[in-house]
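Computed from a prediction, not measured in an experiment: that's the story for all the values here.
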Amino acid sequence: MCGLSATLANPPGKLGVQCWTISYPEKIRCTWDFKPNAYLPTTFITTYRMGLMSSEPPKLCVQSDQEPQSCLITDFQMFADYPYILNVTAISPLGGTTQLFPFIVEDIIRPDPPENVTLSNIVGEKKKLLLHWYPPRSWLYPEQFPLMYKIRYKRAGAKHYKTIGPYDFTSFILKGLKPGSFVEAQVAAKDFTDYGNYSEWSLVATGKPR
């Protein structure tokens, strides 16, 4: 009972908030770390505004039942004059806690990894493989907002990758490979203007030059 009483006596703790955009400039996704109390209901209020001193009323960061502890921002300015401030407030019958998260939209760009990454043979080339990939489907306008890519590859079983790039195309010929040895390769994407961060590495593609 003492443990249960102590649990019930605690209001919501500190929230770990982060935001990023995988589909610039369409939407921003924000999440927060929170360990729910099994005995007390907790609700969240999520709003945002441009700058702390703005006279405009805050807007809602829209929550979804399908993705708890997250919300989406779809109404924002590119290259805004001031940082946006996300306000996440957790409220339970014993009290509440608020966490502010300031961000500049262009600083939180982080695409999803490239998709359908493949390594294929090139006719007549025993030391080369063709690496090919596609932009992530979540990046909705790759022609208007292009991506750049970096590549890492290694011989299967080796400890260290060789990393090259960035490149602004979606295929690359790997040269100087050992014939008959399997090669592993991955690709990561970033906004072409160099804002934000690289994506996670793609799934591994494997191939063997013949």
Side-chain angles (χ1 to χ4, degrees), residues 1-115 135-141 145 147 186 188-191 193-203:
M1 288 297 293
C2 291
L4 176 59
S5 299
T7 301
L8 290 173
N10 292 327
K14 185 177 180 180
L15 307 172
V17 180
Q18 61 175 334
C19 296
W20 67 93
T21 173
I22 62 171
S23 53
Y24 182 84
E26 283 291 301
K27 57 187 176 183
I28 298 167
R29 184 170 186 259
C30 299
T31 63
W32 52 92
D33 294 330
F34 176 76
K35 294 181 180 179
N37 189 317
Y39 306 99
L40 294 174
T42 302
T43 58
F44 299 97
I45 300 173
T46 51
T47 61
Y48 69 101
R49 66 197 313 163
M50 186 194 299
L52 284 172
M53 306 304 293
S54 173
S55 59
E56 296 291 326
K59 300 177 181 179
L60 285 178
C61 184
V62 180
Q63 299 177 49
S64 168
D65 292 336
Q66 285 72 39
E67 298 184 75
Q69 294 176 211
S70 70
C71 63
L72 286 178
I73 296 172
T74 56
D75 183 7
F76 58 89
Q77 292 184 24
M78 299 166 56
F79 301 102
D81 293 331
Y82 301 97
Y84 282 93
I85 311 292
L86 176 71
N87 183 325
V88 180
T89 299
I91 301 174
S92 79
L94 292 177
T97 184
T98 293
Q99 186 72 40
L100 300 180
F101 182 82
F103 63 89
I104 296 171
V105 174
E106 285 67 33
D107 287 347
I108 61 168
I109 298 173
R110 191 180 74 198
D112 280 333
E115 299 177 356
R137 283 169 290 181
S138 56
W139 193 262
L140 301 178
Y141 306 109
F145 298 92
L147 295 169
Q186 294 173 286
K190 189 179 185 183
D191 179 74
T193 58
D194 208 26
Y195 284 107
N197 298 282
Y198 271 99
S199 70
E200 299 293 330
W201 289 104
S202 69
L203 296 175

Which value, rounded to the nearest 0.5 Å, describes the distance between R29 atom CZ and C61 atom SG?
-> 10.0 Å
Backbone of E67 reached by a side-chain donor or acceptor of S70 within 3.5 Å = yes
Can D112 and S138 be counted as having a side-chain donor-acceptor contact under 3.5 angstrom?
-> yes
May I ask you to decide if P68's main-chain N or O and Q63's side chain share a donor-acceptor pair within less than 3.5 Å?
-> no
Give a yes or no on whether the backbone of Y24 and the side-chain of T21 come within a donor-acceptor separation of less than 3.5 Å.
-> yes
Nearest heavy-atom contact between S202 and P114 is CB-O, 3.5 Å
M53 atom CE, neighbour heavy-atom count above 12 within 6.0 Å = no
Any side-chain donor near an acceptor of the partner, S64 and Q66, under 3.5 Å | yes
Check N197 against D107 and note the closest heavy-atom contact, atom names and distance.
-> ND2-O, 3.8 Å
Heavy-atom closest pair (S92 atom, T42 atom, distance to 0.1 Å) is CB-OG1, 3.9 Å
Are the aromatic rings of F76 and Y48 close, with centres under 6.0 Å apart?
-> no
Given the rule in the disulfide (SG to SG under 2.5 Å) test, do C30 and C19 qualify, once you have shown the distances and angles that lead to the verdict?
-> CA-CA 4 Å; C30 299; C19 296; 2.1 Å; yes
Are the ring centres of F79 and Y195 closer than 6.0 Å?
-> yes
Could you list the residues that satisfy salt bridge (Lys or Arg N to Asp or Glu O under 4.0 Å) with E115, not counting sequence neighbours?
-> R137
Which atom pair, heavy atoms only, marks the closest approach of A80 to M50?
-> CB-CE, 3.8 Å
Donor-acceptor pair, W32 side chain versus A90 backbone, under 3.5 Å?
-> no
Sequence-distant partners of T98, side-chain hydrogen bond (donor to acceptor under 3.5 Å, both in side chains), two or more places apart = T89
So side-chain hydrogen bond (donor to acceptor under 3.5 Å, both in side chains) across residues 73-82, not counting sequence neighbours, yields K59-D75
